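Everything below concerns the one structure shown next.
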Protein chains: 2
Amino acid sequence: MAASRRTETMEANRARLVSAARRAFAAKGFAAASMDELTADAGLTRGALYHNFGDKTGLLAAVVAEVDAEMAERAREAAAASPSEWEGLLAEGSAYIEMALDPEVRRIVLLDGPAFLGDPSQWPSQNACLDLTKQAVARLIASNVLKPVDVEAAARLLSGAALNAALWVAASDDPHAVLPKAVEAFRLMATGLLKDAKAHS
Amino acid sequence: MAASRRTETMEANRARLVSAARRAFAAKGFAAASMDELTADAGLTRGALYHNFGDKTGLLAAVVAEVDAEMAERAREAAAASPSEWEGLLAEGSAYIEMALDPEVRRIVLLDGPAFLGDPSQWPSQNACLDLTKQAVARLIASNVLKPVDVEAAARLLSGAALNAALWVAASDDPHAVLPKAVEAFRLMATGLLKDAKAHS
DNA sequence: GATCGTGATATACAGCGCGTATGTCAATTA
DNA sequence: TAATTGACATACGCGCTGTATATCACGATC
């Protein structure tokens, strides 16, 4: 591998910039975050930023990709700990709802991401979260648990509903009291996709 | 009433500013829209803008309130034309999905609104759309059609899923081919809230 | 109906932030 | 060791927001 010294400091700098950007974007929002403060916080200047990421939205894309990947990883773990594929899908949804209580996730991925990078289904980061749900839905249709609904549509609706519910929970006066209500409503709605609802209720 | 001449020109100016802002925000997005161009387009200057709306986000709030009200009105019409309360709820959802195909609605209400004004459930405009759905859900629970789920949660999930589905439809390569799939998936998911799914399928 | 006060809008100003163009120096290569 | 590359810093210009000040028409009061 022998990553030359040049490239390894470069990657370290990129990581520091992304890390500083995460903090700044989460705290002030993408629009209000200053690149000068950002880079100074990382011990660099805007020169490094524009060289590595092209422009401000490029940096946002990098941050979003990182956070999105972390979310997908946690959702994967939640699903893996479930007794069935179907319970796994529900667990993914619940995991999304809980994760979105994190201000960083909410602000960067759910609000600024769509506004400045466009619709999540077309992000360069491939939207790992959405992809995960899509795979689960496809498996459940194949195994005859779900009705033969369009995979993309179902996945998009499920993850959209979960993340949207999370926005509501986070904005409420008493998030921890509201969270279980959101999770329950999500699980109910998801059962609408089941072929035989009784068998799983 | 006798609206004095002063106040009536003021309201006319406000309306012209909001109208120009709608066009500009829809075309360029909130962040990239220039207040100078905006106001010049309306035959005014930024002076009128700051006097009437306080700051840039104040203008956005006014625009969002206007568009949101129009959306709620159209959804109400769609629901009214339905044979039953339950079909009315589904019709509202479908209406949201179709309305979000309008670039103005998508950009202003679904993307920039949440990013710059915060979560829709706490908008000053009261979010007429959400409120409408909430009322429909409450009625359906009272008449024993829906399971006794939390009203806020269900309404938020339903409208969130619909609007999110719309984002996906609009971003797809062939929106008109994808639209019916989104509507079908939405209707399926909504049936998860039904007390007796078979009776309505 | 003439004068005065009020307030809606225009103008002028200050500060900041982005993006680019240019400079600099360390690291790789021959 | 000399030359070249390229990662990063510095300097500049432009545009945009928000505020402070100025103007002028409208309405009130006598």
Side-chain angles (χ1 to χ4, degrees), chain A residues 1-64 107-108 112 115-117, chain B residues 1-64 108 112-113 115-117:
Chain A
M1 307 233 48
S4 66
R5 182 167 173 193
R6 222 182 151 92
T7 58
E8 77 186 16
T9 62
M10 193 176 163
E11 294 204 13
N13 282 346
R14 256 205 287 261
R16 274 163 56 194
L17 286 173
V18 169
S19 171
R22 255 179 99 145
R23 286 193 300 274
F25 292 165
K28 307 182 162 192
F30 175 73
S34 158
M35 312 274 276
D36 276 325
E37 290 182 13
L38 236 187
T39 50
D41 218 47
L44 296 166
T45 69
R46 279 193 343 225
L49 216 166
Y50 281 94
H51 188 76
N52 280 296
F53 299 98
D55 63 355
K56 198 181 179 184
T57 63
L59 179 60
L60 176 61
V63 173
V64 162
R107 177 84 241 181
I108 298 174
D112 288 337
F116 292 95
L117 299 178
Chain B
M1 308 226 50
S4 67
R5 181 167 174 194
R6 223 184 149 91
T7 57
E8 77 186 16
T9 62
M10 195 178 162
E11 292 203 15
N13 282 346
R14 256 204 289 260
R16 274 165 53 197
L17 286 172
V18 169
S19 171
R22 257 180 97 144
R23 287 194 299 273
F25 293 165
K28 306 182 162 190
F30 175 74
S34 159
M35 312 274 276
D36 275 325
E37 290 183 12
L38 236 187
T39 51
D41 217 47
L44 297 166
T45 70
R46 278 191 346 227
L49 214 166
Y50 281 94
H51 187 76
N52 281 296
F53 299 99
D55 62 356
K56 198 181 180 185
T57 63
L59 180 60
L60 177 60
V63 172
V64 162
I108 298 175
D112 288 338
F116 292 95
L117 300 177

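No experiment lies behind these values; they were computed from the predicted model shown. The figures here come from the full heavy-atom set of this structure, side chains too, leaving out hydrogens, waters and symmetry mates. All chains are named by letter (A, B, ...) in the order of the sequence lines, taking the proteins before the strands, and each is independently numbered beginning at 1.
- If you take CD1 on B:I108 and CG on B:L117, they are separated by 11.0 Å, rounding to the nearest 0.5 Å.
- When all heavy atoms of A:L17 and A:F53 are compared, the pair lying nearest together is CD1-CE1, 4.0 Å.
- Taking atom CE of A:M10 as the reference point, atom P of D:dT5 lies 17 Å away to the nearest angstrom.
- For the residue pair B:M35 and B:Y50, the shortest heavy atom distance occurs at CE-OH, 3.7 Å.
- Shown here are the side chain to side chain donor-acceptor pair (under 3.5 Å) partners of A:T45, two or more places apart in sequence or in another chain: there are none.
- The main-chain N or O of A:F30 is found under 3.5 Å from a side-chain atom of A:D112 such that the two form a donor-acceptor pair.
- For the pair B:V63 and B:A21, the tightest heavy-atom approach, listed with the atom from each and the gap, is CG2-CB, 3.7 Å.
- Side chain of A:K56 to main chain of A:A33: a donor-acceptor pair is present (N/O by atom type, distance under 3.5 Å, no hydrogens or angles).
- Annotation: proximity of residues 44-54 of chain B to DNA chain D (heavy atom, distance under 4.0 Å) is found for B:R46, B:Y50, numbered in ascending order.
- Note: CG (B:N13) to P (D:dC26) measures 12 Å, nearest angstrom.
- A donor-acceptor contact shorter than 3.5 Å is absent between the side chain of A:R16 and the backbone of A:E11.
- In the helix from C:dG1-D:dC30 to C:dA30-D:dT1, the rotation axis of the first five pairs and that of the last five pairs differ in direction by 10°, rounded to 10 degrees.
- Heavy-atom distances under 4.0 Å link DNA chain D to B:A33, B:S34, B:M35, B:D36 of residues 27-39 of chain B, given in residue order.
- With rounding to the nearest 0.5 angstrom, the OG1 atom of A:T7 is 9.5 Å from the CZ atom of A:R14.
- Taking a heavy-atom distance under 4.0 Å as the criterion, the stretch of DNA chain C touched by chain A extends 5' to 3' from C:dG17 to C:dT28.
- Within the structure, the salt bridge (charged side-chain N to carboxylate O under 4.0 Å, His left out) test picks out the following pairs touching residues 17-40 of chain A (sequence neighbours left out): A:R22-A:E66, A:R22-A:E70, A:R22-A:E104, A:R23-A:D41, A:K28-A:E37, A:D36-A:R46.
- Across A:L59 and A:L38, no two heavy atoms sit closer than the pair CD2-CD1, 3.7 Å.
- Separating the CG atom in B:L49 from the CG atom in B:L44 is a distance of 8.5 Å, to the nearest 0.5 Å.
- The CG atom of B:L59 sits 11 Å away from the P atom of D:dT17 (whole-angstrom rounding).
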